[in-house]
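Below: one structure, written as structure tokens.
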Amino acid sequence: MRISLNWLRDYVDIDVSVEELAHQMTMLGLEIESVERLGDDIQNVLVGKILSIDAHPDADKIVVCQVDVAGEVPLQICCGAKNMKVGDKVPTAIVGATLPGDFKIGRRKMRGVESQGMMCAAQEIGLAEETDGLLILDEELPTGEDIKSVLGLDDIVLEIEVTPNRADWASMIGVARELSVLYGTELRVPEVSLVEQGEEIDSLCAVTVEDTALCPRYMGRVLTNVTVGPSPEWLCERLLAAGQRPINNIVDVTNFVLLETGQPLHAFDRDKLAENRIVVRTGKAGEAINTLDGETRKLSDDMLVIADGTIPQCVAGVMGGADSEVSEGTTTIFLESAFFAPASVRKTSRGLGLISESSQRFQRGADPEMAAYALDRAAELIQDLASAHVAQGVIDVYPTPLVPREVTLRYARTLRLLGVDVAPETQRDSLERLGFEIISHDDTEMKVRVPLRRHDVSMEADLIEEIARLYNFDNIPVSLPKVRPCEKVFAPDEKRIRAFRHFLVGLGLAELYNWSFSNPDEVQRAALPESYRKMIVLENPLSEKQATMRSSIIPALIGNAARNLNYGVTSIRAFELGPVYRPAEGDTLSTQHNRVSLVLAGDVEAAHWSRPARAADFYDLKGQVEAILAHFGATATFKESDGDTFQQGQRAEIKLGKKVIGTMGRVASAVGRAFDTDQPVYVAELDLDALLAQQPSPAQFQSVPTFPPSARDLAVVVDASVPSGELREKAAQSGGKLLRSVEIFDIFEGEQVGAGKKSVALNLVFQSDERTLTEKDTQKAFDKVLKRLKHEYQAELR
Amino acid sequence: MKEQLEAFQAAALDTIAQADTLSALEEARVKYLGRKGAITEILRGLGKVSAEERPAMGQLANVVKGAIGSALDDRKVELSATADAAREESEAVDLSLPGRRPQRGHIHMVNQVTEEIIDIFAGLGFQVAVGPDIETEFYNFDSLNTPADHPARDSHDTFFVKPGVVLRTHTSPVQMRVMEQVQPPVAVLAPGRVYRVDYDASHSPMFNQIEGLLVDEGVTFADLKGTLMHFVHHLFGKNTKVRFRPHFFPFTEPSAEMDISCTVCSGKGCRLCKNSGWLEALGCGMVHPEVFKHANYDYEKYSGFAFGLGIDRIAMLRHAVPSINHLYDNDLRFLEQF
Ligand SMILES: [Zn+2]
């Protein structure tokens, strides 16, 4: 809400700078969004009086005027406008003036005639309305006066954010009340003096409230002899400062009073109301209404409407109807001021997708007492500004007046909640100043009656907050609590997940962070198995691309790799630790699982002057996966897998015992292309929960060897189809206890070993705990290994 | 014999001095002092020397032997040094060439900040708790004193999974999930992904929050202020100013928002802080009695505070990241800067 300081000063005296005021309001809970100085960009524009208008000697469309700005001599100003006459007063920018848009006015010649300034149109001095010609000012304005002060352009506007609990703040009087409480000064609520005359209201309009639950209070007045026309300058100024466009005196008054009091009002053209009746009822099936915004809206039977004798004329508390809108020819109006049930207005507003100044206030809770004041205030203004007659009497349907809440506050609770000892008198005084009525009090507690405008106060803690606000949060002391340990550990894996993240980063991987949403077609583009296609679907996604919750991180990582490759990133080594989601049967909630996913693409080793770059391959990925398994102390097996996500011959499932805990491989070319890359991408995804479930017991001591190892190399030629890792396994099993390790150090295929064959070179390390091994010892073990390999694979020593 | 020894010494020292490689020196050693070397030959003649002269000659022979030996040692040191110098010269590296650097990994900015925040609060005795991303409306709203017709529910643009089930709009539901499991004392910190239907330069439909909750006997608003100031001073530095101003949240009473002095202008006013000198950092307050009611906590006995902060925003402030979308773009050229 925009708060004009000039306007605010009508209700409360403000003796502090804007900065100080903004701070004070902030500390009361009125958050300041911005401070706008309206006339900041206008300098040296004065009220000028046109003394003469003469033709320009050389131009038809320009006139030469003498303009008095109360200087020593009148200014000669050339002007292209036509709407002015001698004697008019107009905004006059003198030489050296600045206009909005950093437009500077200098002395210049127009077709040979000197012009010492510029007379301005409304839009040229930043006013909202678009007009042809100059802005003709009120002739009473003093010549030479700064235009900013006469037009209210010297105003400062504070844009405040009103929290949803404080409907009462959404008004000038509401804000002024809070400041008057802070300052301990008077709140000036304008006195209303209206003159009822002519007919009785009952003979002009009948009101029936059918649903008093949704409409606890309905008030109205009728005004006759109304002359609809433009609003006076002061009213336009107020509305413009508040960010509203003036329309006509009737609409402007209702808007003005809404801003002033927070009470939404609605003016009907009484003559358009069938049977001159107002019926407050719920909508009927099939009913619709043309609202003021030009839309036709379907009504339902849980929406409250203001109908006439036949059809709905207004969506109660939300928006009026076009049929009974006040227009130029309107002569009699019915002015409504009501209190509608907040929940009902909220529901209707949401149901229609229609939010208005009115609905926002009603749904937060208006003040049923303010309804009466606002009605009279508006009637008075219309009486004055539209030379209307206020009909005799007022309609007030309020069968069950709202009862103010009574709340008890124990003084000691204030100390217990705030940590500061506020004297009981101060506590009582704070609440009294805020308009709470002290019903009773003793040494330990007080009982207060809550003003009806304070829908947010219903319990002791609410009162303590009020006391704290006035005490000022800044003045509440600062202490550190003694935190006692809790009996339960809530996230036992948290530290291990963090250690794991650091471990992965230590491997040189970068951590990615994708949205949990996924494009439902991604799973298909990644050719993931059917089980991944059962996803949680959002009812109201941002777009189709984020319509589901991801069932795997793999598609996102392929996409990340593709995009980075396309950006020109040459090395992609990354991971993501995060949740995936699956719909759960029966249960209302889904299941959520933690995954760790890896992606490698481009170079795993960057080019260095000492060696060329090395592109990632399957074994880089497998090495990372093996490192992860080792980190968790897990012994897993890699089994060839199927499916179309990965390229055949370079894909595996990772098994812990019989349980598949992951999948990995080189992304199939077709999948890569579906994600917009034709470069090799390697991806793995593991079930982090399964890995975390591995709780290896602490490693146990094994004696450190005291006798030297002895190494032998063994190169054998076998069929190319023999799995080398398996051959290594067999070798390791067959060397007896002296054989301590077997590593493959070379694989070779080529003419030398023959077609369909390969050479596998193993490095065997022998060692004994008892003695230094002799040549004979190692030879014996070596022969055992060779014999086994010959037997198993028809291996030949190379 | 004396002359013979002296001549021998002179010849040996001369040869040693002439030796210009370690192998030539080794040859000299073998020649003069080796088991089959010249000295052995000479000493063999010691037997022919008279008994009176023998001790003196023996002594002299030892002196000669010693002199040659130390000349050999000295020359060896000299020659080794020369040889080392020559080798080192030939092996000199080009200091200006880059080394073989292992690739550096990077923790995502959101997690860097999350870990740091957790550590600050862990130091005060808080422990981590987690809750599901896909939540019931009960935990996300109702149990937090935000019933269906509550206006505060409008400000949370909620993703729905099905009636009654939402993507959590904040980490606050973890409060209730924790409280239903234990009676006070409770001190938890709940980081996690949260979701709102909102997407532009300053909003991501998924972002990260950390929720804090402390419930025990005698917890006060002063404790809330102290705890959060401690946090700010550790994360942003001792000179960061902090202010608490009244605000509204359905699940705390009193409620506040905490501002910190602007990280760009230190409070003088700039574009980031809209000239106010302050940046909104987090929302907080004393746990609402209605929330305790849902948790089955005794409001007469216990009190507590809760707070929730946007990790993304904190990360962006610390690293001067202009748009939240960088955080979830997964552009390695961005990620590898941090
Ligand atoms: Zn700043």
Side-chain angles (χ1 to χ4, degrees), chain A residues 26-27 29 34 163-165 343 346 363-364 416-420 459 461-462 464-465 468-469 473 476-481 483-484 486-488 490-491 494 498 501 505-516 536 538-540 542 560 564 569 572-573 579 581 588-590 592 608-609, chain B residues 97 100 102-108 110 115 124-125 127-130 132-134 136 149 151-152 159-161 164-165 178 181-182 185-188 193 197 199 205-206 214 216 219-223 225-227 229-230 244-248 253-254 256 274 286 289 303 328 330 332 335-336:
Chain A
T26 302
M27 293 312 291
S34 67
T163 49
N165 59 326
R346 179 172 184 274
Q363 72 180 35
R364 289 171 176 197
R416 274 211 44 197
L417 205 57
L418 300 182
V420 62
M459 53 178 71
D462 298 328
I464 294 173
E465 179 174 62
R469 264 189 334 115
F473 284 9
I476 293 174
V478 171
S479 56
L480 264 186
V483 177
R484 292 195 294 155
C486 176
E487 65 180 54
K488 191 171 161 60
F490 291 101
E494 190 53 34
R498 187 202 284 215
R501 174 182 297 118
V505 166
L507 295 178
L509 304 173
E511 186 179 21
L512 304 175
Y513 211 115
N514 284 282
W515 284 349
S516 316
I536 288 160
L538 297 179
E539 284 187 346
N540 56 334
L542 208 57
N560 296 154
N564 277 286
V569 174
I572 293 160
R573 308 173 55 180
Y581 311 85
T588 53
L589 281 187
S590 60
Q592 182 171 332
H608 188 256
W609 54 267
Chain B
L97 279 175
R100 288 183 201 97
Q103 182 155 339
R104 199 189 128 200
H106 301 266
I107 297 182
H108 192 275
V110 164
E115 289 183 0
L124 294 175
Q127 63 160 318
V128 173
V130 289
D133 293 11
I134 298 171
T136 61
D149 62 349
F159 284 109
F160 283 88
V161 171
V165 180
V178 162
Q181 293 181 53
V182 283
V186 155
V188 292
R193 297 173 179 231
V197 188
Y199 187 26
M206 186 202 86
L214 172 69
D216 203 347
V219 176
T220 66
F221 194 88
D223 292 331
K225 280 182 74 175
T227 304
M229 282 167 85
H230 170 88
F244 293 81
R245 54 186 166 74
H247 199 70
F248 168 72
E253 189 76 26
K274 290 195 242 159
M286 303 304 293
S303 55
Y328 305 108
N330 297 298
L332 287 165
L335 296 174
E336 290 178 352

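Chain letters run A, B, ... following the sequence lines, proteins first and then strands; every chain starts at 1. The structure displayed is predicted, hence computed values, not measured ones.
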Within the side chain of [X], is there an N or O that forms a donor-acceptor pair under 3.5 Å with the backbone of [Y]?
X	Y	answer
B:K225	A:I476	yes
A:E511	B:H108	yes
B:N330	A:N564	no
B:Q127	A:F490	yes

So which of [options] has the largest heavy-atom pair count under 4.5 angstrom toward chain B?
options	answer
A:S479, A:A343, A:G419	A:S479
A:L507, A:L417, A:I536, A:T163	A:L417
A:I572, A:N514, A:V569	A:N514
A:V483, A:L512, A:V478, A:V505	A:V505
A:I464, A:N560, A:D462	A:D462
A:R416, A:R469, A:M459, A:E487	A:R416

Hey, what do you get for [atom1] ([X]) to [atom2] ([Y]), rounding to the nearest 0.5 Å?
X	Y	atom1	atom2	value
B:H247	A:T26	NE2	OG1	12.0 Å
B:I134	A:Y581	CD1	OH	6.5 Å
A:H608	B:R100	NE2	CZ	5.5 Å

Using non-hydrogen atoms only, which part of [X] is less than 4.5 Å away from chain B: side chain, backbone, both, or neither?
X	answer
A:N540	both
A:R501	side chain
A:S516	both
A:W609	side chain
A:L538	both
A:V420	neither

#### Entry: Trace of the side chain to side chain contact (heavy atoms under 4.5 Å, CB included) decision for B:L335 with A:Y513
CA-CA 10 Å; B:L335 296 174; A:Y513 211 115; over 6 Å; no
Any [X] side-chain heavy atom under 4.5 Å of [Y] side chain:
X	Y	value
B:D216	A:P481	no
B:P254	A:L418	yes
A:L480	B:D223	no

#### Entry: Trace of the side chain to side chain contact (heavy atoms under 4.5 Å, CB included) decision for A:C486 with B:V188
CA-CA 9 Å; A:C486 176; B:V188 292; over 6 Å; no
So which of [options] has the largest heavy-atom pair count under 4.5 angstrom toward chain A?
options	answer
B:L124, B:V186, B:V178	B:V178
B:A256, B:A187, B:P246, B:P205	B:P246
B:R193, B:H230, B:Q181	B:R193
B:A129, B:G164, B:P185, B:G125	B:P185
B:E115, B:M229, B:Q103	B:E115

### Task
Provide the closest heavy-atom pair for A:M27 versus B:R245 in the form atom of the first, atom of the second, distance.
SD-CB, 4.0 Å
#### Entry: chain A contact via B:L332 - side chain, backbone, both or neither, heavy atoms under 4.5 Å
both
